[in-house]
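One structure below.
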Amino acid sequence: MLSPLHKLHIRNPTSLVCSVKLSFYNLTTITPPAADDDASSLSFLILKLDPQALTHNLEFNSVYWTPDLVNKILKHLWNHGPKAIQFFNLLERHPTYTHSAASFDHAIDIAARLRNYKTVWALVARMRKRRVGPNPKTFAIITERYVSAGKPDKAVRVFLSMQEYGCQQDLNSFNTFLDVLCKSRRVEMAYNLFKVLKRRFRADTISYNIIANGFCLLKRTPRALEVLREMVESGLEPTLKTYNVILNGYFKAGQVKEGWQFFLEMKRRRRCEMDVVTYTTVVHGFGVAGEIQKARQVFDEMIGLGILPSVATYNAYIQVLCKKDNVENAILVFEEMLKKGYTPNATTYNVVIRGLCHVGKMDRAMEYLDKMKDDECDPNVQTYNVIIRYYCDEGEIDKSLKVFDRMGNGECLPNLDTYNVLISAMFGRKRSGDLMVAGKLLIEMVDRGFIPRKFTFNRILNGLLLTGNQDFAKEILTAQGRCGSDYC
DNA sequence: TTAGGGTTAG
């Protein structure tokens, strides 16, 4: 059955609205699960229309809304937070459809990323009122956002208050929160909390692995080993994952010799089986250290032992070949991967594209971008960012703007990095008009909920005042005013 | 989304 939304692939907003109305009115039966196309067409419509127009044009009662469709749309609108929240709120007034817990979680994540905590807590309250949450995942999201916004103390308070919101706390939520702190490099804080609460939550191997991995991320392998000693003393046995954490820790800290010794030790002790993650860690570790021969040897060894490489293994191997060997050799491995029947993912393409860009083969990088579409592997924001960045570095601003336009027309919205790279590039080239483009990009990014650095505002404002463009400078100042109260 | 391996470039 052809989706009723199939006609939405029209880039002209006016005709788009008409086709939506027509197709929605024709809709009488229950639609099949949301196709990606439906989600992107609806996202495109939501982006084009202001909320009022949306209420009038989008026939909410006629679309067969499902949590799956709503989640897909929220994902599409990830880099346009204000629109995503408007859409979510609009749909919340729907007469029959009610949001799922997962959709609430998405919306909460988006609001928290915009640092709009008032909305976050309002959503939590609504979630509770409708009896769909909040759940441990909701709190994982909220605490993670507080930590990454530089408010780890607030995150701890939120974690400790979970029960007041009717959300049960257990070892899982404890471990999740420890991991949130560790991943944001607040490892000491995580460790202190761990010491205080480990008895209450009956900390397990996973808790210790999380803390050890945190210290490894900080390249503090000795501290990680200390944590594991503590673990053994408390009567818990290390697992393969524990060993993989330490192995990775050595390589991350640049202790290649120690890593290799540890790997041999794991091999020697038969009781410790090794898996694809172990091998991927070592291939990547040697590669990053520039020891390509060793990386290749370990890669071959794993195949010889019958341990199947995963797509991640190939990605790691291809990446280090690009960086420390030769992009053509990396492409040979990419081709070999295809021959063996693997399906490359966006990361695979991204590392190859980056490799090509890095040696100035921009045309071939663009070919791979097209190839992604043919292979039904959607380019993501990182894909575009790499190409835009390298075009900018080469001074090919017009080409990078062309790629940027492709994003705007397609299914991938630019993120903070995209805007920062483009705006900086506008200052590298002393051409009249560039300042205006930079200013327009700046306003667009603010409208989409991104917060530019103060430096960026000042740079553009100074330029505009020097060229006597007072009116546009005022517009920029208004945009700056919309950046929130805790802006600095 | 209870833990371990793979994305930019600096």
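Chain letters run A, B, ... following the sequence lines, proteins first, then strands; residues in each count from 1. The figures here come from the full heavy-atom set of this structure, side chains too, leaving out hydrogens, waters and symmetry mates.
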Report yes if at least one side-chain N or O of [X] is closer than 4.0 Å to OP1 or OP2 of [N]; otherwise report no.
X	N	answer
Lys323(A)	dG6(B)	no
Gln382(A)	dT8(B)	no
His284(A)	dT7(B)	yes

Under 3.5 Å donor-acceptor pairs involving side-chain atoms of residues 77-85 of chain A, not counting sequence neighbours:
| residue | atom | partner | partner atom | Å |
| --- | --- | --- | --- | --- |
| Asn79(A) | ND2 | Leu413(A) | O | 3.2 |
| Lys83(A) | NZ | Ile46(A) | O | 3.2 |
| Lys83(A) | NZ | Leu49(A) | O | 2.5 |

DNA chain B-proximal residues of [range], any heavy atom under 4.0 Å:
range	result
residues 180-191 of chain A	Lys183(A)
residues 299-314 of chain A	Ser310(A), Val311(A), Ala312(A), Thr313(A)
residues 200-217 of chain A	Ile206(A), Asn209(A), Ile210(A), Asn213(A)

Checklist entry - Taking only residues two or more places apart in sequence, or in another chain, which ones meet Lys294(A) in a side chain to side chain donor-acceptor pair (under 3.5 Å)? => result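 Scan of Lys294(A) (side chain to side chain donor-acceptor pair (under 3.5 Å), adjacent residues dropped) gives none.
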
Next on the checklist: Checking Asp374(A) now: which residues fulfil side chain to side chain donor-acceptor pair (under 3.5 Å) with it, not counting sequence neighbours?
Outcome noted: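 Counting only residues at least two positions away or on another chain, Asp374(A) forms no side chain to side chain donor-acceptor pair (under 3.5 Å).
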
Checklist entry - What would the secondary structure line of DNA chain B be in dot-bracket form, counting Watson-Crick and G-U wobble pairs under 3.5 Å, with [ ] for pairs that cross earlier ones and | for pairs with another strand? => result ..........

Checklist entry - With Phe286(A), which residues qualify under ring-ring contact (aromatic ring centres under 6.0 Å, His included), at least two apart? => result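 Testing Phe286(A) for ring-ring contact (aromatic ring centres under 6.0 Å, His included), a comparison that skips the adjacent residues, returns Phe251(A), Trp260(A).
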
Item to check | By ring-ring contact (aromatic ring centres under 6.0 Å, His included) - contacts of Tyr208(A) (at least two apart) | outcome: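 Partners of Tyr208(A) under the ring-ring contact (aromatic ring centres under 6.0 Å, His included) test: Phe194(A).
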
Residues [X], [Y]: salt bridge by 4.0 Å N-O rule:
X	Y	result
Glu273(A)	Lys267(A)	no
Glu226(A)	Arg229(A)	no
Lys72(A)	Asp68(A)	yes

So which nucleotide from [options] ends up closest to the side chain of [X]?
X	options	value
Asp417(A)	dT8(B), dA3(B), dT7(B)	dT8(B)
Thr239(A)	dA3(B), dT7(B), dT2(B)	dA3(B)
Thr176(A)	dT8(B), dT1(B), dG6(B)	dT1(B)
Ala140(A)	dT2(B), dG5(B), dT1(B)	dT1(B)

Next on the checklist: Does the structure place the NZ or CZ of Lys151(A) under 6.0 Å from the centre of the six-membered ring of Tyr146(A), at an angle of no more than 45° from the ring's axis?
Outcome noted: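 Ring-cation test returns no.
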
Could you check how far [atom1] of [X] sits from [atom2] of [N], rounded to whole Å?
X	N	atom1	atom2	value
Asp393(A)	dG10(B)	CG	C1'	11 Å
Leu197(A)	dT2(B)	CG	P	19 Å
Phe251(A)	dG5(B)	CZ	C1'	12 Å
Phe334(A)	dT7(B)	CZ	C1'	14 Å
His358(A)	dT8(B)	NE2	P	11 Å
Tyr243(A)	dG5(B)	OH	P	18 Å
Asn415(A)	dT8(B)	CG	P	14 Å

Under 3.5 Å donor-acceptor pairs involving side-chain atoms of residues 171-178 of chain A, not counting sequence neighbours:
| residue | atom | partner | partner atom | Å |
| --- | --- | --- | --- | --- |
| Ser173(A) | OG | Asp170(A) | N | 2.9 |
| Ser173(A) | OG | Asp170(A) | O | 2.9 |
| Ser173(A) | OG | Asp170(A) | OD1 | 3.1 |
| Asn175(A) | OD1 | Ser207(A) | OG | 2.7 |
| Asn175(A) | ND2 | Asp204(A) | OD1 | 3.3 |
| Thr176(A) | OG1 | Asn172(A) | O | 2.8 |

Item to check | Under the side chain to side chain contact (heavy atoms under 4.5 Å, CB included) test, residues paired with Val403(A) that sit two or more places apart | outcome: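 For Val403(A) the side chain to side chain contact (heavy atoms under 4.5 Å, CB included) partners, ignoring immediate neighbours, are Met366(A), Tyr384(A), Ile387(A), Ile388(A), Tyr391(A).
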
Checklist entry - Do Thr280(A) and dG5(B) share a donor-acceptor pair, side chain to base, under 3.5 Å? => result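 Present.
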
Next on the checklist: Between dG5(B) and Asn315(A), counting only base atoms on the nucleotide and side-chain atoms on the residue, is there a donor-acceptor pair under 3.5 Å?
Outcome noted: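 No.
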
Checklist entry - Which part of the nucleic acid does Asp105(A) contact within heavy-atom distance under 4.0 Å: base, sugar-phosphate only, or nothing? => result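 Nothing, no heavy atom under 4.0 Å.
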
Checklist entry - When we call it a touch if two heavy atoms are under 4.0 Å apart, what does Asp275(A) touch: a base, just sugar-phosphate, or nothing? => result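 Here Asp275(A) touches the bases of the nucleic acid.
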
Item to check | Val288(A) and Val256(A): CA distance, side-chain angles, deciding distance, side-chain contact (heavy atoms from CB on, under 4.5 Å) verdict | outcome: CA-CA 10 Å; Val288(A) 167; Val256(A) 181; over 6 Å; no

Checklist entry - Is the count of non-hydrogen atoms from other residues, nucleotides or ligands lying under 6.0 Å from Lys373(A) atom NZ greater than 12? => result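 Above 12, so yes.
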
Checklist entry - What do you reckon, is NZ of Lys195(A) surrounded by more than 12 foreign heavy atoms closer than 6.0 Å? => result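 Correct, the count exceeds 12.
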
Give the table of side-chain donor-acceptor pairs shorter than 3.5 Å for residues 125-136 of chain A, with sequence neighbours excluded, one pair per line with atom names and distance.
| residue | atom | partner | partner atom | Å |
| --- | --- | --- | --- | --- |
| Arg126(A) | NE | Glu92(A) | OE1 | 2.9 |
| Arg126(A) | NE | Glu92(A) | OE2 | 3.1 |
| Arg126(A) | NH2 | Asn89(A) | OD1 | 2.9 |
| Arg126(A) | NH2 | Glu92(A) | OE1 | 2.2 |
| Arg128(A) | NE | Tyr165(A) | O | 3.4 |
| Arg128(A) | NH1 | Glu164(A) | O | 3.2 |
| Arg130(A) | NE | Glu92(A) | OE2 | 3.2 |
| Arg130(A) | NH2 | Glu92(A) | OE2 | 3.4 |
| Asn135(A) | OD1 | Lys137(A) | N | 3.0 |
| Asn135(A) | OD1 | Thr138(A) | N | 2.9 |
| Asn135(A) | OD1 | Thr138(A) | OG1 | 2.9 |

